[in-house]
Amino acid sequence: MSEQHPKSTDGLMRYLRNKKGIAISGSSQKRKLMNIGYYHGYKGYRYINTPSNKVPYTKFEELVSIYDFDTQLKSLFYPYVMLIETALKNYVLDILVTTTNSESFSVIYNQLLDNYKMFSTTGKTYKNAYARKKAEDKFKYELKRRLNLRNRIYKIQTNAYGNGNKIADHYLRKDINLPIWATFELLSLGEFGHFVSCLNQNCRIAISKKLGIRPTDDTDAMMPQRLIYTIKDLRNAIAHNDVVFDTRFQTGEINKQVGHAISNVTGINHLTFRTITDYLILVIYQLKLLHVSKSEMKRIISRFEYIVEKLRSNIPINIFHQIIYTDNRSKIILLKKFVSK
């Protein structure tokens, strides 16, 4: 059978045996391959981090173990990243409504979504023309981000109405603008991060304080949006059932201040977010900000330890340490101490 043509499940099994050197046979493993899917299963788990870093599988059971580990991670994290998303939106909503005494997006846009003003060049002096031009470009950039946010929100509302969203239909059919809480329901986590980043500094300080972020860890009042952007990729990967075990879901560099802030509070160093352990720490850090109970956080950590240990026992150690780094145990010990404080 040519590799250029679609393969039956039996053909795929022969391909894995003959071309990839993976032992696979029997009706049980055939069903498992069909259940996980060749393209979503094998293709997604044949490498770690980058396609060039192929996993040297010798047994189909090893691939299944990584697939099961990934599935269990998503089941573990899903309810908590959703809780974090919902809570962050509600914390921000409370600040917006309290500050403006309004649920109107236009009021909030005019009064609070004006962070661009702090970059205004009016009345400022610069050492040379280059410095002034750089400052003017930054001001234009921030103003454009604000305008883009407004346009994006109106487009989201329009699309929601066109797609039959019940909330959008309820308000827009009556020619009533959507209240800010309804708009937040329609925003993705990335769009929500954009919204928060456009809020003025006083408003961002209030959000940071409400969340309980230490002022010394958030001197520029940008930690809330940084936390949103950091958790966003994990949340989206889980929601779309993408691979998460090797953190390939990252769409950009994580701001170093996030790792520093978490390290300062937890005592856990070397947070690179290149391993799923660091994302566990990120989730627990945010859950503690949200006052989730100690017992609940301890259950999350214990479940993580269980599925990690199960993976360790089912795959070669050289493969395991490409997924779970050697500092995992020390980080977990410090994370438990942080939770118990």
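Counting begins at 1 with the first residue of the sequence.
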Go through the structure and list residues passing side chain to side chain contact (heavy atoms under 4.5 Å, CB included) with Ser75, not counting sequence neighbours.
none
More than 12 heavy atoms of other groups within 6.0 Å of [X] [atom1]:
| X | atom1 | answer |
| --- | --- | --- |
| Met82 | CE | yes |
| Lys140 | NZ | no |
| Asn35 | CG | yes |
| His321 | NE2 | yes |
| Lys124 | NZ | yes |
| Tyr78 | OH | no |

Taking ring pair (Phe, Tyr, Trp, His ring centres under 6.0 Å) as the cut-off, I'd like each qualifying pair that reaches into residues 186-236, sequence neighbours left out, listed once.
Phe184-Phe192, Phe184-Phe195
I'd like to check Phe69 versus Ile315 (side-chain heavy atoms, cut-off strictly below 4.5 Å). Are they in contact?
no
Qualifying residues under salt bridge (Lys or Arg N to Asp or Glu O under 4.0 Å), relative to Lys288, sequence neighbours excluded
none
Scan residues 177-186 for pairs that pass side chain to side chain donor-acceptor pair (under 3.5 Å), counting only residues two or more places apart or in two chains.
Gln157-Thr183
Can you list every side chain to side chain donor-acceptor pair (under 3.5 Å) pair that touches residues 51-63, not counting sequence neighbours?
Gln29-Glu61, Thr50-Ser52, Asn53-Gln322, Thr58-Glu62
Given the ring of Phe105, does Arg150 sit roughly above its face, with NZ or CZ under 6.0 Å from the centre of the six-membered ring and within 45° of the axis?
no
Lys/Arg cation over aromatic Tyr161: Arg173, 6.0 Å, 45° cone:
no
Test salt bridge (charged side-chain N to carboxylate O under 4.0 Å, His left out) applied to Asp68 and Lys32, step by step
CA-CA 11 Å; Asp68 287 343; Lys32 186 65 177 179; 3.6 Å; yes
Does [X] pair with [Y] as a salt bridge, N-O distance under 4.0 Å?
| X | Y | value |
| --- | --- | --- |
| Asp220 | Arg226 | yes |
| Glu136 | Lys133 | no |
| Arg146 | Asp114 | no |

Gap between atom OG1 of Thr230 and atom CZ of Phe273 - 0.5 Å precision:
6.0 Å
Qualifying residue for side-chain contact (heavy atoms from CB on, under 4.5 Å) with Leu282, from Val81, Ile231, Leu271
Ile231
May I have the step-by-step check of side-chain contact (heavy atoms from CB on, under 4.5 Å) for Tyr279 and Val244, ending in yes or no?
CA-CA 10 Å; Tyr279 277 90; Val244 303; over 6 Å; no
Given the rule in the side-chain hydrogen bond (donor to acceptor under 3.5 Å, both in side chains) test, do Arg274 and Asn49 qualify, once you have shown the distances and angles that lead to the verdict?
CA-CA 9 Å; Arg274 300 296 182 190; Asn49 295 123; over 6 Å; no
Which donor-acceptor pairs under 3.5 Å do side chains of residues 334-341 form with protein atoms, sequence neighbours excluded?
{"unit_1": "Lys336", "atom_1": "NZ", "unit_2": "Glu305", "atom_2": "OE1", "d": "3.0"}
{"unit_1": "Lys336", "atom_1": "NZ", "unit_2": "Glu305", "atom_2": "OE2", "d": "3.2"}
{"unit_1": "Ser340", "atom_1": "OG", "unit_2": "Lys336", "atom_2": "O", "d": "3.0"}
{"unit_1": "Lys341", "atom_1": "NZ", "unit_2": "Val265", "atom_2": "O", "d": "3.4"}

One pair to check against side-chain contact (heavy atoms from CB on, under 4.5 Å): Lys155 and Asn159. What are the steps and the verdict?
CA-CA 6 Å; Lys155 183 177 181 181; Asn159 291 342; 3.7 Å; yes
